[in-house]
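Here is the structure we will look at.
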Amino acid sequence: MANNWTRKQLIIVFNLYCKIPFSKTVKTYPEVIKTAKLIGRTPSAVAFKLGNFGSFDEELKKRGISGLPNTSKLDKLVWDEFNSDWEELSFQSELLIAELENKPIEETVEIDLTNLPIGKERERLVKVRVNQSFFRSTILTSYASKCCITGLNIPELLVASHIKPWKDDSENRTNPQNGLCLNSLHDKAFDRGFITVTTDYKVKTSKYFDEFNSQVNKEFFTKYEGFVITLPEKFLPKKEFLEYHYEVVFKK
């Protein structure tokens, strides 16, 4: 094959960049080896491209991690494409992977097809489910599979929670900067506006809890007032999304 990378190959590698910790972007990591085999590249080449993507990541730079130099124009183009249209590129990357694995896209997220409608509505629902799976994988990876408030680390009890609600912003449903990793209880409280996270990444609890003053409420919620959340390795929450949640969703 030609030495030049293709856009499709880079889209698949960026999908991997989102789903594994940056410390694992090495040629010996199983997911790197798997992706390399899938796209017909060497593990070393895939690891290098992951490092190239890391060089564009401002959050890594703030932590003193610079990524790898010698990026190409196509690397930057794919980076910018994802960051300008997460909804479409997330799905496109999953579709490309499914095609190379010779399986229907529905199988990638184990969708039950029994009661799905046919036609365009079916396609829409499949895309939603696939993108939800991508979003969850990316968020849990970015937060090391730990609730950013409590530190709980049981994956089955963790939720990739949207900061700006799903129903309020169709363009940022898959944007990892619109996500927090929360345990299921705090996800529900966040979704209902009983807690929020300020633009300086501190937990704020609603005065609503004053009506139910109890030790249990204190233990689960109010004791976290002013607590600085654990920040993600990648994809720091955007302040505009946090501001929206505070202004629109939070029960002041």
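Heads up: numbering here begins at 1 and tracks the sequence.
Separation of atoms OG1 (Thr6) and NZ (Lys8) is listed at 7.5 Å; rounding is to 0.5 Å. Atoms CG and CG, on Leu100 and Asn102 in that order, are 8.0 Å from each other to the nearest 0.5 Å. Distance CD/Glu31 to CG/Asn15: 10.0 Å, rounded to 0.5 Å. Here the NZ-OG1 distance, from Lys19 to Thr35, works out to 9.0 Å after rounding to the nearest 0.5 Å.
Centroid-to-centroid, the aromatic rings of Phe235 and Trp86 come within less than 6.0 Å.
Phe241 and Leu236 fall within a single hydrophobic cluster, where Ile, Leu, Val, Met, Phe, Trp and Tyr side chains are chained together by heavy-atom contacts under 4.5 Å. Grouping the Ile, Leu, Val, Met, Phe, Trp and Tyr side chains by contacts below 4.5 angstrom, directly or via other members, places Phe227 apart from Leu152. Under the 4.5 Å side-chain heavy-atom criterion for grouping Ile, Leu, Val, Met, Phe, Trp and Tyr, Phe134 is not connected to Leu158 through any hydrophobic cluster.
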- Task: Start with the C-alpha distance between Ser55 and Asn52, add both sets of side-chain angles, then the distance that settles side chain to side chain donor-acceptor pair (under 3.5 Å), and finish with yes or no.
- Result: CA-CA 5 Å; Ser55 70; Asn52 286 155; 5.4 Å; no
- Task: Any chance you could lay out the salt bridge (Lys or Arg N to Asp or Glu O under 4.0 Å) test for Glu58 and Lys62, step after step, and finish with the verdict?
- Result: CA-CA 6 Å; Glu58 294 300 322; Lys62 290 175 183 177; over 6 Å; no
- Item | Candidate pair Asn172 and Asn175, rule side chain to side chain donor-acceptor pair (under 3.5 Å), full reasoning | CA-CA 5 Å; Asn172 285 291; Asn175 184 346; 3.0 Å; yes
- Message: Determine whether Tyr244 and Asp169 satisfy the following criterion, side chain to side chain donor-acceptor pair (under 3.5 Å), listing intermediate values before the conclusion.
- Response: CA-CA 11 Å; Tyr244 184 93; Asp169 191 344; over 6 Å; no
- Applying side chain to side chain donor-acceptor pair (under 3.5 Å), run through Ser161 and Asp187 and close with a yes or a no. CA-CA 6 Å; Ser161 184; Asp187 165 70; 2.9 Å; yes
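Not a single donor-acceptor pair under 3.5 Å links the side chain of Ser145 to the backbone N or O of Pro155.
By the 6.0 Å contact criterion, NZ on Lys27 is open, its count of non-hydrogen atoms from other residues, nucleotides or ligands being 12 or less. The number of heavy atoms from other shown groups lying within 6.0 Å of CD (Glu171) does not exceed 12. For Lys252, the NZ atom sits in a packed shell: over 12 heavy atoms of surrounding residues, nucleotides or ligands are nearer than 6.0 Å. Applying the 6.0 Å contact sphere to NZ of Lys61 captures more than 12 heavy atoms from other residues, nucleotides or ligands.
With respect to Tyr17, the side-chain hydrogen bond (donor to acceptor under 3.5 Å, both in side chains) criterion is satisfied by exactly one of Thr141, Thr25, Asp57: Asp57.
Of the charged side-chain nitrogens involved, none lies within less than 4.0 Å of a carboxylate oxygen, so that Lys127 and Glu94 do not count as a salt-bridged pair.
Between Phe48 and Pro69 the shortest heavy-atom distance is CZ-O, 3.8 Å. Residues Phe135 and Ala160 share a closest heavy-atom pair of CE2-O, 3.6 Å. The shortest heavy-atom contact between Thr199 and Leu242 is CA-CD1, 4.1 Å.
The aromatic rings of Phe56 and Trp79 are tilted relative to each other, their planes meeting at an angle between 30° and 60°.
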